[in-house]
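Read the numbers this way: they start at 1 and go in the same order the structure lists the ligands and their atoms. Small disclaimer: the values here were computed from a predicted structure and weren't measured.
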Amino acid sequence: MAHKYCFEALDRSLRDILKDKYEDSINKPFGGLTVVCGGDFRQILPVIPKSTKADIIDASLNSSYLWPSFQVYELTQNMRLFNPNMSSTEAAKIASFDEWLLQIGNGSLYDDKEKELIRLPADLCITSYEDPMKSIIQAIYSTFLQSYSDPTYFKERAILTPTNDMVHELNEMIMDIIPAEARTYLSSDGICKASFKTDQNDLLYPTEFLNNLKFSGVPNHNIQLKVGAPIMLLRNLNQGDGLCNGTRLIVTNLGKWSIRADIISGKNIGTNVTIPRIIMSPNESRWPFKLNRRQLPVTTCFAMTINKSQGQSLKHVGLFLHKQLFTHGQAYVAMSRVTTREGLTIINADDEVEDKTLIKNIVYREIFQTILPSTQSSVQP
Ligand SMILES: Nc1ncnc2c1ncn2[C@@H]1O[C@H](COP(=O)(O)OP(=O)(O)OP(=O)(O)O)[C@@H](O)[C@H]1O
């Protein structure tokens with residue numbers, strides 16, 4: 001979810017822009033324009049590094065001065081799970097899975113409420129394994145070598161995990177299975193000239209040091225790609241052509257400075273596009289300078305973080321928990337990515353938990369308090 005400041009900035013800009021055109025625009029939300037927002041407060045709320053629960057709730061749209069001006073309309077049908085050709089038995093099974101997901105999202109179903117633990121149905125979990133990472137890879141990519149050249153194979157599956165470190169480990173392990181040569185792309189890193197103390201920066205932060213820095217949402221200095229590997233865009237390159245942050249593609253050609261890839265998600269599926277290197281900077285950084293990294297704006301996506309999976313629909317989802325979930329909505333987002341219940345496999349590899357069918361589900365229930373749908377607001381999608 002976007003920070004409430006994004007909506008407030010749009011509100012103030014529209015009031016300002018429209019004040020000469022329409023009477024009293026300055027006093028109306030969004031200058032009097034109708035603005036439609038689509039979202040789900042059960043999903044992950046604005047990400048604020050090192051924040052408290054109160055900070056996150058305060059950053060959400062329903063803590064904004066704009067919220068009382070919104071009218072809430074609720075969608076009633078889970079279209080991701082919906083299949084028009086299903087039998088009544090299948091429909092009943094889907095309805096019960098959908099209900100279970102909503103209870104998880106609402107925080108109304110706990111096995112141990114104090115410890116915020118929910119019990120997973122045993123058939124969704126793999127509980128006996130030698131190496132949990134190999135087991136989740138085997139579960140989701142069981143026919144990898146026979147199927148990896150078929151783009152739909154990657155389009156419909158992914159492993160989800162809470163942290164970027166585990167995503168990188170899983171991606172490296174799976175990339176090694178592709179029997180092709182990898183090409184390495186090294187970034188060109190520098191400090192933005194407008195940064196503080198520029199005359200000392202070269203001495204304090206040499207290039208080798210900058211190359212070692214890792215930031216969420218910015219590709220690493222060294223990325224290795226193979227033809228046939230699925231990748232995800234990390235920036236909006238051309239929204240009109242469907243090249244948005246989160247779009248998934250399959251690499252078809254590895255050039256010296258750019259790559260070519262086929263789009264496999266969102267708009268323009270099947271289109272072959274060129275992805276150039278671009279300059280990226282992290283949004284949040286603990287360093288007293290702004291890093292400029294010129295690199296391909298992509299990351300391999302056999303595995304992705306739960307946050308990054310928001311918006312995706314997948315037939316096969318492997319939820320890999322090497323440690324417990326840590327923020328609002330992660331369990332709901334991860335488990336609601338599937339298009340069928342059978343497509344969900346979960347491994348709880350947290351050593352501190354004995355019963356591997358128990359996982360943490362954090363829900364900030366305070367966030368739902370101000371969401372009151374108006375009486376006639378339920379709509380069919
Ligand atoms: N009216 C509809 N008819 C058929 N399929 C639909 C309809 N609406 C959505 N879908 C399908 O349901 C899936 C989810 O849709 P979409 O991504 O728009 O929902 P969403 O609310 O943004 O999901 P989320 O926020 O959980 O990611 C997609 O596969 C989409 O094609």
Side-chain angles (χ1 to χ4, degrees), residues 1-3 6-7 35-47 56 60-62 70-86 90-91 93-95 97-107 151-162 230 232-234 236 239 242-249 263-270 301 303-319 325 327-344 346 361-364 367-368 371 373 377-381:
M1 182 190 288
H3 196 291
C6 299
F7 299 93
V35 172
V36 180
C37 304
D40 185 350
F41 287 86
R42 298 179 195 96
Q43 297 195 2
I44 298 169
L45 299 172
V47 176
I56 294 174
S60 301
L61 178 58
N62 56 354
F70 280 104
Q71 189 161 2
V72 178
Y73 291 89
E74 244 183 326
L75 295 169
T76 54
Q77 171 92 46
N78 184 332
M79 296 308 293
R80 190 175 273 122
L81 293 171
F82 181 73
N83 172 358
N85 304 319
M86 63 194 158
E90 282 169 328
K93 265 202 218 161
I94 285 175
F97 180 56
D98 185 26
E99 179 60 30
W100 182 71
L101 286 177
L102 288 176
Q103 285 176 330
I104 288 173
N106 292 333
T152 54
Y153 185 69
F154 291 125
K155 182 182 168 200
E156 56 191 29
R157 63 196 67 228
I159 297 174
L160 310 183
T161 190
M232 184 185 269
L233 271 186
L234 295 173
N236 290 327
Q239 280 156 296
L243 292 177
C244 310
N245 189 348
T247 302
R248 289 186 299 143
L249 309 100
I263 300 178
I264 59 165
S265 75
K267 246 174 46 170
N268 293 345
I269 291 178
C301 65
M304 61 183 103
T305 57
I306 297 170
N307 283 38
K308 208 72 199 162
S309 78
Q310 287 196 104
Q312 305 278 347
S313 295
L314 301 154
K315 251 192 195 163
H316 303 274
V317 168
L319 176 57
L325 298 166
T327 193
H328 171 94
Q330 282 177 312
Y332 172 73
V333 167
M335 294 194 269
S336 63
R337 297 305 91 204
V338 274
T339 51
T340 63
R341 183 185 185 280
E342 292 66 37
L344 181 61
I346 302 167
N361 178 33
I362 298 176
V363 178
Y364 300 161
I367 200 79
F368 304 127
I371 305 167
S377 66
S378 286
V379 289
Q380 293 293 329

(request) Tell me, please, whether Tyr153 has Arg157 positioned over its six-membered ring: NZ or CZ under 6.0 Å from the ring centre and within 45 degrees of its axis? (result) yes

(message) When you compare the side chains of Gln310 and Arg337, does any donor N or O come within less than 3.5 Å of an acceptor on the partner?
(response) no

(message) Taking only non-hydrogen atoms of Gly311, do any sit less than 4.0 angstrom from ligand 1?
(response) yes

(request) Number the atoms of ligand 1 from 1 as they appear, then name those within less than 4.0 Å of a heavy atom of Arg337, with their elements. (result) 24 (P), 26 (O), 27 (O)

(message) Can you see whether Asn361 engages Tyr332 through a side-chain donor-acceptor pair at a distance of less than 3.5 angstrom?
(response) no

(message) Can you confirm, on distance only, whether ligand 1 has an N/O atom lying under 3.5 Å from any N/O atom belonging to Gln310?
(response) no

(message) Can you check which of Gln43, Met79, Arg42 brings a heavy atom nearest to atom 4 (C) of ligand 1?
(response) Met79

(request) Establish, from distance only, whether the side-chain atoms of Arg80 and Ser313 form a donor-acceptor pair under 3.5 Å. (result) yes

(request) Report yes if Arg80 has an N/O atom closer than 3.5 Å to an N/O atom of ligand 1; otherwise report no. (result) yes

(message) Can you see whether Asn78 engages Asp98 through a side-chain donor-acceptor pair at a distance of less than 3.5 angstrom?
(response) yes

